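All remarks here apply to the structure that follows.
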Amino acid sequence: MTIGNAERESDVEPPEEGDVDLPKIGSRARYDPLMAVMKNRVTARVFDPAFTVPDEHYDLILEAARHAPSGANSQPWHFIVVRDPEIKRRIADYFVDEQRARAKMKMKFPTPDYRGLATAPGFIVVVSDFRWVQAFPVLKDDDSDLNRMYRENAERILLQSVAAATMSAHLAAASLGYAVWWVTAIGQENAQAAMRPLLGIPDELSVLDIFAFGPPARPPYKRWKKPLEDISNVDRFDPAHFMSDDEMEDWIRNKRHKVMFKDAGKVD
C-alpha cells in the first residue's frame, strides 16, 4: 500500500520528511483541532460490518503510527492489516474463549464482548520484537540483580514505545471519523500461540495489541474521565490524590464496571 494523493482541507503543504514545522509557541491553531480529535476518540465494540476501509485510510493511519517517539529511536513495531474475514473470525474466537474462561474462573472482571472483532471493518495487529530491549540501557550477558532491574525497565521502554505508536494510530483513525477499539488482553502465551501461526509471525515476535476500528453500529458515547485537578500535581505529589488499599478496593468493586462501559453522564 502506498500513500495516495488525498484531498486536503488545507492548502498548506505538509513538511518534507526531514523538516520540522512547529507553530508559534502558545498558538492554539493546531492545539484546538488536536484536542477535538482526542476528546472525540471513542470506543466501540460493535461496528458496521458492511463498511470497507479504503487502503488509503490504512496508509494514513499507519503513517501517523510510524512518526511516534520510541526508545533509542528503535521504532520496535510492525503492523499487520487483516482483511481476511476468516482470520478475523478465528482471532475473535480466541478472545470469546478467553472471555468464557474468565467467567468460569470467577475472575470478576467486567470483560467486554469480543464477538464484535469478527466483523470489525478495520483490523490491525500490532507486533513487536522483545530483542529490541538490547537497544536500551542493559548490561549484556549479565545475570546480576542490577541488570534485572535494567532489563525490566528496558521492557517498559519497549512497551511505552509501541503504545505511543498505537495511540498515534488511534488518533489518526478518530480524525478520519472512525470509532476505535484497543484490545490489549493478549499477553498470555496461549494468545501468542493462537495468533502467530494465523498471521505468519516468527516466534521471536510478540503480538502486543489489536486495533479495531470502523463506523460504530450504534451511536457511540464518551466515557468518564478523571477531572484535571485529580491528576495534576506541582513540584510534589499531592497526598490528597493517594488512594488507600481500602479506597482502591472500593473503586474496583463499585466503580470500575461503570467507568469501563457506561456513558460519562451516567457515572455517579
Side-chain angles (χ1 to χ4, degrees), residues 1-4 6-7 37-65 77-103 109-127 165-186 188 190-201 207-223 257 260-264 266:
M1 291 183 291
T2 56
I3 297 170
E7 289 185 5
V37 171
M38 297 181 77
K39 288 180 178 179
N40 288 284
R41 187 206 65 85
V42 291
T43 297
R45 294 185 175 88
V46 183
F47 303 96
D48 176 2
F51 185 84
T52 299
V53 177
D55 280 354
E56 181 188 25
H57 289 186
Y58 277 114
D59 288 337
L60 293 170
I61 288 166
L62 295 183
E63 177 69 2
W77 45 65
H78 294 280
F79 303 92
I80 303 174
V81 173
V82 179
R83 292 283 204 186
D84 188 328
E86 177 61 15
I87 295 178
K88 291 182 186 180
R89 183 193 64 77
R90 292 176 67 179
I91 291 175
D93 286 347
Y94 167 80
F95 283 101
V96 171
D97 288 344
E98 169 68 15
Q99 181 179 345
R100 291 169 179 157
R102 291 180 190 179
F109 180 81
T111 301
D113 186 346
Y114 287 112
R115 290 175 296 178
L117 280 173
T119 54
F123 202 110
I124 298 175
V125 177
V126 185
V127 178
T166 305
M167 189 70 236
S168 296
H170 275 247
L171 292 176
S175 74
L176 292 169
Y178 292 112
V180 298
W181 185 4
W182 193 328
V183 182
T184 58
I186 45 187
Q188 305 92 329
N190 56 347
Q192 303 298 318
M195 280 183 277
R196 281 188 184 119
L198 278 177
L199 300 166
I201 298 172
V207 179
L208 296 187
D209 298 300
I210 292 174
F211 168 29
F213 61 98
R218 44 182 175 263
Y221 55 83
K222 182 71 176 178
R223 290 192 288 178
H257 65 286
M260 282 183 68
F261 298 122
K262 286 190 174 183
D263 187 312
K266 298 178 181 178

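What's counted below: heavy atoms across the whole structure, side chains too, no hydrogens, waters or symmetry copies. Quantities reported herein were computed from a predicted structural model and do not represent experimental measurements.
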(request) Begin with the C-alpha distance, continue with both residues' side-chain angles, and end with the deciding distance and a verdict on side chain to side chain contact (heavy atoms under 4.5 Å, CB included) for Thr43 and His170. (result) CA-CA 10 Å; Thr43 297; His170 275 247; over 6 Å; no
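- Take Phe47 and apply the ring-ring contact (aromatic ring centres under 6.0 Å, His included) test, not counting sequence neighbours, and it matches no residue.
- Legend: residues meeting side-chain hydrogen bond (donor to acceptor under 3.5 Å, both in side chains) with Asp48, ordered by chain and number and at least two apart, are absent.
- Put simply, the side chain of Tyr221 reaches to within 4.5 Å of the side chain of Arg223, judged on heavy atoms.
- Taking NE2 of His78 as the start and CG of Leu208 as the end, the distance is 11.0 Å to the nearest 0.5 Å.
- Contact annotation: the side chain of Leu117 never approaches that of Lys88 to less than 4.5 Å [non-hydrogen atoms, C-beta and beyond].
- Residues forming a side-chain hydrogen bond (donor to acceptor under 3.5 Å, both in side chains) with Asn40 (at least two apart in sequence, or on another chain): none.
- Salt bridge Arg90/Asp93: absent, no basic N to carboxylate O contact under 4.0 Å.
- Applying the side chain to side chain contact (heavy atoms under 4.5 Å, CB included) rule to Ile80 yields the partners Val82, Val125, Val127, Leu199, Ile201; only residues at least two apart in sequence or on another chain are considered.
- With sequence neighbours left out, Thr166 forms a side-chain hydrogen bond (donor to acceptor under 3.5 Å, both in side chains) with no residue at all.
- Residues Lys222 and Met38 share a closest heavy-atom pair of NZ-O, 3.9 Å.
- Between Phe213 and Val53 the shortest side-chain heavy-atom distance falls below 4.5 Å.
- The heavy-atom pair separating Ala169 from Ala65 by the smallest distance is CB-CB, 4.1 Å.
- Of the inter-residue distances, the one linking Ile210 atom CD1 with Ile91 atom CD1 reads 5.0 Å to the nearest 0.5 angstrom.
- The CZ atom of Phe211 lies 8.5 Å from the CG atom of Leu62; values are rounded to the nearest 0.5 Å.
- The backbone N or O of Arg45 lies less than 3.5 Å from no partner atom in the side chain of Tyr114, so there is not a single donor-acceptor pair.
- Shown here are the side-chain hydrogen bond (donor to acceptor under 3.5 Å, both in side chains) partners of Arg115, two or more places apart in sequence or in another chain: Asp113.
- The side chain to side chain contact (heavy atoms under 4.5 Å, CB included) check on Ala194 picks up Tyr94, with sequence neighbours excluded.
- For Asp84, the side chain to side chain contact (heavy atoms under 4.5 Å, CB included) test picks out Glu86, Ile87, with sequence neighbours left out.
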Listed pairs under 3.5 Å, donor-acceptor, residues 172-183 side chains, sequence neighbours left out:
{"from": "Ser175", "atom 1": "OG", "to": "Ala172", "atom 2": "O", "distance (Å)": "2.6"}
{"from": "Tyr178", "atom 1": "OH", "to": "His57", "atom 2": "ND1", "distance (Å)": "2.6"}
{"from": "Trp182", "atom 1": "NE1", "to": "Asp209", "atom 2": "OD1", "distance (Å)": "2.9"}

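- When side chains are defined from C-beta on, Phe79 counts as touching Val126, because their heavy atoms get closer than 4.5 Å.
- Applying the salt bridge (charged side-chain N to carboxylate O under 4.0 Å, His left out) test to pairs two or more places apart or on separate chains, those with a residue in residues 191-201 are Glu189-Arg196.
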